[in-house]
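In what follows, chains carry the letters A, B, and so on, assigned in the order in which the sequence lines appear, proteins first and then strands, with residues in each chain numbered from 1.
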Number of protein chains: 2
Amino acid sequence: MIEAGARRREIDEVASELFHANGYAATSVRDIARALDIQGASLYAHVASKEDLLWSIVDRTATAFEVAVEQALVETTTDDPVERLAAIVEAHVEVVTADPERASVFVTEWRHLSPERRAVIGARRDAYERRLRDLIADGLAVGAFAAVDPAIGATFILTALNGIATWYRPDGRLSADRIADHYVELALRSLSEDHR
Amino acid sequence: MIEAGARRREIDEVASELFHANGYAATSVRDIARALDIQGASLYAHVASKEDLLWSIVDRTATAFEVAVEQALVETTTDDPVERLAAIVEAHVEVVTADPERASVFVTEWRHLSPERRAVIGARRDAYERRLRDLIADGLAVGAFAAVDPAIGATFILTALNGIATWYRPDGRLSADRIADHYVELALRSLSEDHR
DNA sequence: CCTACCGATCGGTAGG
DNA sequence: CCTACCGATCGGTAGG
């Protein structure tokens, strides 16, 4: 017995690719159907609306980030802010590189959700960013980081990390692991003391 | 006599706002016309196509970045890579904060240009990024920066800088100048030696 | 998952 | 800058 929902996951994957490549608004329901070799109207046997498709991608990706960072912090037994920040950055990069299409749709297309759903995702993104911001503030308080505005530091790092979704290719020059290493380095240094 | 092209610039400004807020594909010609209090078809007395509107925004913004960085480097008489990098970062942030709508349209909507125009912009972006990459490589060679992959370092910094366009508000907590100062700090430190 | 179809809206043109 | 209009395409529904 083929597991239920397999086709639905296939649809999500195709939609992620197209939304990533052309954007949500410029991708028609028929574009997605064509990539699946079915008729446009047939897609509605699986999904209630085009927006539901975007929502399932965005929602799942938001959860992937939350779970990965949660897990990474649980596994980081020390309370050294430097190591905890490294764990967050590494986890975030891993989620991005594991599925750059989904990640880039999450980062760039969520404004096309309904106002209600946008509010939900906005709150989750805020909470996610707050965690990073608080960690930076903690590190600053114990002298682990240089004087920096925690909000600016968190935004600087997060936008750089999310940028990976726009240029990463699995067959590129650098492996996902190497990229993660480099980005941990860059992020930690950006918050470090004495640079001249 | 009112200067020629004033109306055209007004159109560009309205289009920037709407493309920034809703994306190019989700913005109709009639949306733009409505914001100008004219009929949709009347817009074609001023522009040949919707894509031409996007092109003029993208082209002008690309030029703004190129000119600003060129100028900043000319004014930086020293060849100290640290100071030259600071000058580039500051100039880039200034262009972004001077017109975040245009900057964000430039960064995120250029994929909706025709293949020919996309190729032109792609080449200009590559050249722009290469300048930063080469500067990092130079600084690395003379020991001004920590060991880092120049391409990764340049991308890390540039994506963080471009991210400003997505969150910056002129009436926000931090002035454009303060943001530029912080970002220069963060960018320079990310390439600095010894962070533990 | 298909055929047949819906009203709405799209970018754009003709001709003032 | 307007009115009137074009063919194409949009997301989605009905009824198998």
Discussion item. Hydrogens and angles aside, do A:E116 and A:S114 bring a side-chain donor and acceptor to less than 3.5 Å of each other?
Written reply: yes
Worksheet, complete the sentence: Against the side chain of B:Q39, the closest entry in D:dT3, D:dC1, C:dG11 is D:dT3
Worksheet item: Rounded to the nearest Å, what distance is computed from the CD1 atom of residue A:I38 to the P atom of nucleotide C:dC2?
Response: 6 Å
Worksheet item: What integer distance in Å separates B:W55:CH2 from C:dG11:P?
Response: 20 Å
Worksheet, complete the sentence: A:H46 atom NE2 is separated from D:dG12 atom P, nearest whole Å, by 16 Å
Worksheet item: B:R34 CZ to D:dC2 P: how many Å, rounded?
Response: 14 Å
Worksheet item: Below 4.0 angstrom from OP1 or OP2 of D:dC2, is there any side-chain N or O of B:S42?
Response: yes
Response to the item:
Rounded to whole Å, the CG-P distance (B:L36 to D:dC2) equals 10 Å
Item to complete: Nearest whole angstrom, please: distance from the P of C:dT13 to the CG of B:D52.
Response: 11 Å
Worksheet item: What does C:dG16 pair with, Watson-Crick or G-U, if both distances are under 3.5 Å?
Response: D:dC1
Item to complete: Ignoring backbone atoms, establish whether A:S28 has a side-chain N or O less than 4.0 Å from OP1 or OP2 of D:dT9.
Response: no
Worksheet item: Over how many whole Å does the gap from A:H112 atom NE2 to D:dG11 atom P extend?
Response: 12 Å
Worksheet, complete the sentence: Between A:A41 and B:S49, whichever has its closest DNA chain C nucleotide further toward 5' is A:A41
Response to the item:
Scanning all shown strands, the Watson-Crick or wobble mate of C:dG11 with both distances under 3.5 Å is D:dC6
Worksheet item: Does a donor on one side chain and an acceptor on the other come within less than 3.5 Å for A:T155 and A:R133?
Response: no
Practice prompt. Check whether NZ of the Lys or CZ of the Arg A:K50 lies under 6.0 Å from the centre of the six-membered ring of A:Y24 and within 45 degrees of that ring's axis.
Written response: yes
Response to the item:
B:K50 atom NZ is separated from C:dT13 atom P, nearest whole Å, by 15 Å
Discussion item. Whether A:R125 engages the ring of A:F106 as a cation-pi pair (distance to the six-membered ring centre under 6.0 angstrom, angle to the ring normal within 45°) should be assessed.
Written reply: yes
Worksheet item: Counting side-chain heavy atoms from CB outward, which of D:dT13, C:dG12, D:dC1 is closest to A:Y44?
Response: D:dT13
Item to complete: Report yes if the distance between the aromatic ring centroids of A:H92 and A:Y128 is under 6.0 Å, otherwise no.
Response: yes
Worksheet item: Are B:R30 and C:dG12 close enough that a side-chain N or O sits under 4.0 Å from OP1 or OP2?
Response: no
